[in-house]
Amino acid sequence: MVDTKDAVRLVDASPEQLRTALQNSINENQDLREQIAVLKRMLFGRRRESSDNLPHGQTNLFNEHIITGEEQSIIDKLTGDDRKVAKKKLKKATRTKSTDLNKLPLDEQDCLLEGEERKCPVCGEEMQDIGRSKVREEATLIPAQLLHTIVYRHTYACPNGCLNQRGNQFLKKSDVPRPAIPHSPASSSVLTESIMAKFAYKIPDNRQERLWHSRGVDFTRQSIANWHIKASEGYLESLYKLMHRDLLTQDVIHADETPYRVLDLKKAQTYYWVYTSSKHSAHQIVMYEHGNSRGYEEAARFLAGYEGYLQSDAYAVYPNLLGVTNVFCWAHVRRKFDEAVTAGDKGLAPTGRQYCNDLFQWEKKWQDLSADERQTQREQRLKPVMDAFFAWLVSLDGSYLPKSKVGKAITYALKHEAGLRAVLLDGRLELSNNRAERAVKELVIGRKNWLFSQSKRGATAAGVILSLLTTARANHLDPSKYFNYLFDTVPNLPAPGDMVALQDYLPWAPKVQAFCHE
């Protein structure tokens with residue numbers, strides 16, 4: 001904006017200087033209006049974006065038709081679909097089914113008449129029970145119970161007094177299962193409960209300390225944190241490495257990253273790098289890799305040797321990785337145009353957003369097709385829409401402010417055109433990177449509760465545990481059963497670190513599926 005001093009200077013300015021000053025003032029006012037609009041939406045707007053014409057996970061705000069009739073007719077001709085789309089009928093609201101309690105153990109409670117209440121008020125004789133009727137069904141909670149378990153080992157001797165080779169009486173001792181954590185009061189079940197409490201239900205160690213105290217034991221927050229680190233370093237990291245090895249053999253990986261604080265490190269901020277498999281992969285994998293920075297070296301180290309498709313949000317590190325084929329996220333393109341609409345642009349931004357909506361609307365129809373069928377449909381339907389979209393962006397040259405919200409959206413889309421078009425290369429690729437973003441959310445919710453890790457070891461252990469837990473869910477396991485099974489069996493393997501034997505304990509292994517399926 002032009003202040004008083006600047007106005008005085010402009011009295012003797014040339015016409016060109018006046019035009020420049022006026023344009024700068026307009027740009028500043030535009031930026032200010034956009035910032036106010038975005039802040040108002042953050043404060044008062046809807047938190048969740050939604051749309052009826054988008055697939056699972058994709059975000060949206062509005063579903064009105066915004067593209068002009070002429071533009072829509074061109075897209076319809078290019079896609080071969082010039083038929084009028086009938087308006088969807090609103091579904092009638094249906095009553096939600098009551099909670100199914102049939103899976104719980106049955107406990108029947110009979111309300112009876114006793115003593116004097118059972119006598120007939122007319123003749124005084126005792127009345128007979130002639131039947132019962134069900135009044136209600138409800139779930140009853142039995143509080144968790146902790147037991148003081150003492151493990152004894154028995155020694156056996158031969159009654160005939162047989163001697164061993166050294167001439168001493170021959171004795172034999174019973175086998176004792178190894179504990180999950182040596183010299184610790186935490187059994188497999190207690191260790192599993194503390195892990196589930198923190199990483200599944202987001203209860204930080206200090207609150208767990210109070211919870212365990214209410215159950216009658218004084219487990220400190222330091223002890224709980226140490227259990228998790230020892231369990232990770234002792235058993236789970238080996239499984240994590242096997243999952244990493246398997247992930248690098250897959251053809252499609254989704255990636256994202258999020259900041260994280262570690263108190264013992266001098267850096268104010270470290271990062272978790274999140275990698276997931278494709279939804280079409282036979283082995284569903286989600287991995288949280290803690291790194292010291294958001295730099296290229298962290299991603300290059302984890303993805304060393306990988307040569308498949310990498311789906312991401314186009315963060316500058318990913319295009320620099322060698323050997324990968326970058327596939328970028330259309331949800332990010334749509335989000336930028338949507339932010340421009342929120343910021344007040346009612347011309348270009350709605351049109352750009354509608355192009356993205358059309359892509360996701362087509363994609364939703366093909367979610368049950370095979371990869372080859374989906375790729376064929378994309379070539380026939382999505383490619384013409386993308387061609388029209390990028391042609392429209394190029395035609396806008398000079399008609400928008402580059403630093404405005406809509407200008408940034410247009411620049412982003414044009415800059416990453418090759419990566420956005422890469423989704424047409426393979427039917428297993430997705431139009432968005434929402435798989436990785438949903439995995440990041442699992443960590444972010446936890447971070448809001450436990451806030452930080454004290455040490456680098458703790459942050460690494462948290463990533464390993466969360467990777468096993470989330471991957472177990474993705475493979476339809478009950479995480480609690482899975483962790484308890486691991487802590488009971490893996491410490492008692494002939495060689496606990498044997499990577500060949502540990503293959504049978506990955507979440508998709510048949511034996512694990514049999515014991516721990518949800």
Might you work through the side-chain contact (heavy atoms from CB on, under 4.5 Å) test for H476 and Q284, ending with a clear yes or no?
CA-CA 10 Å; H476 310 292; Q284 291 296 305; over 6 Å; no
Does [atom1] in [X] sit with more than 12 non-hydrogen atoms of other residues, nucleotides or ligands closer than 6.0 Å?
{"X": "K202", "atom1": "NZ", "answer": "yes"}
{"X": "H517", "atom1": "NE2", "answer": "yes"}
{"X": "K511", "atom1": "NZ", "answer": "yes"}

Going by atom types only, do [X] and [Y] share a side-chain donor-acceptor pair under 3.5 Å?
{"X": "H283", "Y": "S277", "answer": "no"}
{"X": "E289", "Y": "Y240", "answer": "yes"}
{"X": "Q208", "Y": "Y201", "answer": "no"}

For a quick test of reading the model, state the closest non-hydrogen atom pair linking [X] to [Y] and the distance between them.
{"X": "R245", "Y": "T249", "answer": "O-CG2, 3.3 Å"}
{"X": "N433", "Y": "S312", "answer": "ND2-CA, 3.6 Å"}
{"X": "A436", "Y": "T276", "answer": "CA-CG2, 4.1 Å"}
{"X": "L191", "Y": "A231", "answer": "CD2-CB, 3.9 Å"}
{"X": "Y485", "Y": "C516", "answer": "CB-SG, 3.8 Å"}
{"X": "P350", "Y": "G347", "answer": "CD-O, 3.5 Å"}

[atom1]/[X] to [atom2]/[Y] distance, rounded to the nearest 0.5 angstrom?
{"X": "N484", "Y": "F515", "atom1": "CG", "atom2": "CZ", "answer": "12.5 Å"}
{"X": "Y482", "Y": "Y505", "atom1": "OH", "atom2": "OH", "answer": "10.5 Å"}
{"X": "S370", "Y": "R428", "atom1": "OG", "atom2": "CZ", "answer": "11.5 Å"}
{"X": "L424", "Y": "E379", "atom1": "CG", "atom2": "CD", "answer": "5.5 Å"}
{"X": "D338", "Y": "K336", "atom1": "CG", "atom2": "NZ", "answer": "12.0 Å"}
{"X": "D498", "Y": "S238", "atom1": "CG", "atom2": "OG", "answer": "9.5 Å"}

State whether the side chain of [X] and the backbone N or O of [Y] hold a donor-acceptor pair below 3.5 Å, judged by distance alone.
{"X": "R374", "Y": "W366", "result": "yes"}
{"X": "Y306", "Y": "D251", "result": "yes"}
{"X": "Q311", "Y": "F328", "result": "no"}
{"X": "S399", "Y": "L396", "result": "yes"}
{"X": "Y400", "Y": "K403", "result": "no"}
{"X": "W330", "Y": "C356", "result": "no"}

Margin query: By the definition ring-ring contact (aromatic ring centres under 6.0 Å, His included), identify the one residue from W273, Y275, Y318 that meets it with F302.
Written below: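 Of the listed options, the one satisfying the test is Y275.
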inquiry  = Consider ring-ring contact (aromatic ring centres under 6.0 Å, His included). Of F199, Y235, F483, which one does H228 pass it with?
reply    =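 The residue from F199, Y235, F483 that satisfies ring-ring contact (aromatic ring centres under 6.0 Å, His included) with H228 turns out to be F199.
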Pairing of [X] and [Y] as salt bridge, 4.0 angstrom limit:
{"X": "R335", "Y": "E437", "value": "yes"}
{"X": "R378", "Y": "D426", "value": "no"}
{"X": "K408", "Y": "E339", "value": "no"}

Check: [Y] and [X] side chains under 4.5 Å, non-hydrogen atoms:
{"X": "L393", "Y": "E417", "answer": "no"}
{"X": "F390", "Y": "L420", "answer": "yes"}
{"X": "Y309", "Y": "V423", "answer": "no"}
{"X": "N292", "Y": "E298", "answer": "yes"}
{"X": "D246", "Y": "I285", "answer": "yes"}
{"X": "V512", "Y": "D504", "answer": "no"}
{"X": "M499", "Y": "K241", "answer": "yes"}

Side-chain atoms of residues 460-474: list all donor-acceptor pairs with protein atoms under 3.5 Å, sequence neighbours left out, distances to 0.1 Å.
unit_1: T460; atom_1: OG1; unit_2: K456; atom_2: O; d: 3.0
unit_1: S467; atom_1: OG; unit_2: Y288; atom_2: N; d: 2.8
unit_1: S467; atom_1: OG; unit_2: G463; atom_2: O; d: 2.6
unit_1: T470; atom_1: OG1; unit_2: L466; atom_2: O; d: 2.7
unit_1: T471; atom_1: OG1; unit_2: V286; atom_2: N; d: 3.1
unit_1: T471; atom_1: OG1; unit_2: V286; atom_2: O; d: 3.0
unit_1: T471; atom_1: OG1; unit_2: S467; atom_2: O; d: 2.7
unit_1: R473; atom_1: NH1; unit_2: E442; atom_2: OE2; d: 3.2

Fill in: Residues L493, L502; criterion side-chain contact (heavy atoms from CB on, under 4.5 Å); working and verdict
CA-CA 9 Å; L493 291 175; L502 286 173; 4.0 Å; yes
Exercise for the section: Please test T192 against M196 for side-chain contact (heavy atoms from CB on, under 4.5 Å), starting from the C-alpha separation and ending with a verdict. Expected result: CA-CA 6 Å; T192 297; M196 292 298 295; 4.2 Å; yes
Exercise for the section: Hey, could you give me each pair passing side-chain hydrogen bond (donor to acceptor under 3.5 Å, both in side chains) that has a residue in residues 443-454? Not counting sequence neighbours. Expected result: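 Listed by first then second residue: T258-R447, Y260-W450, Y260-S453, D264-Q454.
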Audit row: D387, R421, side-chain contact (heavy atoms from CB on, under 4.5 Å) steps and yes/no:
CA-CA 9 Å; D387 291 341; R421 287 182 178 271; 2.8 Å; yes
- Item | Centroid separation W227 to F487 less than 6.0 Å |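 W227 vs F487: aromatic centres not under 6.0 Å.
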task: Kindly assign one of parallel, tilted or perpendicular to the pair H416 and Y412, based on the angle between their ring planes and the thresholds 30° and 60°.
output: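 Perpendicular.
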*Report the C-alpha separation of D256 and R435 in whole Å, then their side-chain angles, then the decisive distance to 0.1 Å, and conclude whether the salt bridge (charged side-chain N to carboxylate O under 4.0 Å, His left out) test is met.*
CA-CA 9 Å; D256 205 352; R435 284 180 65 79; over 6 Å; no
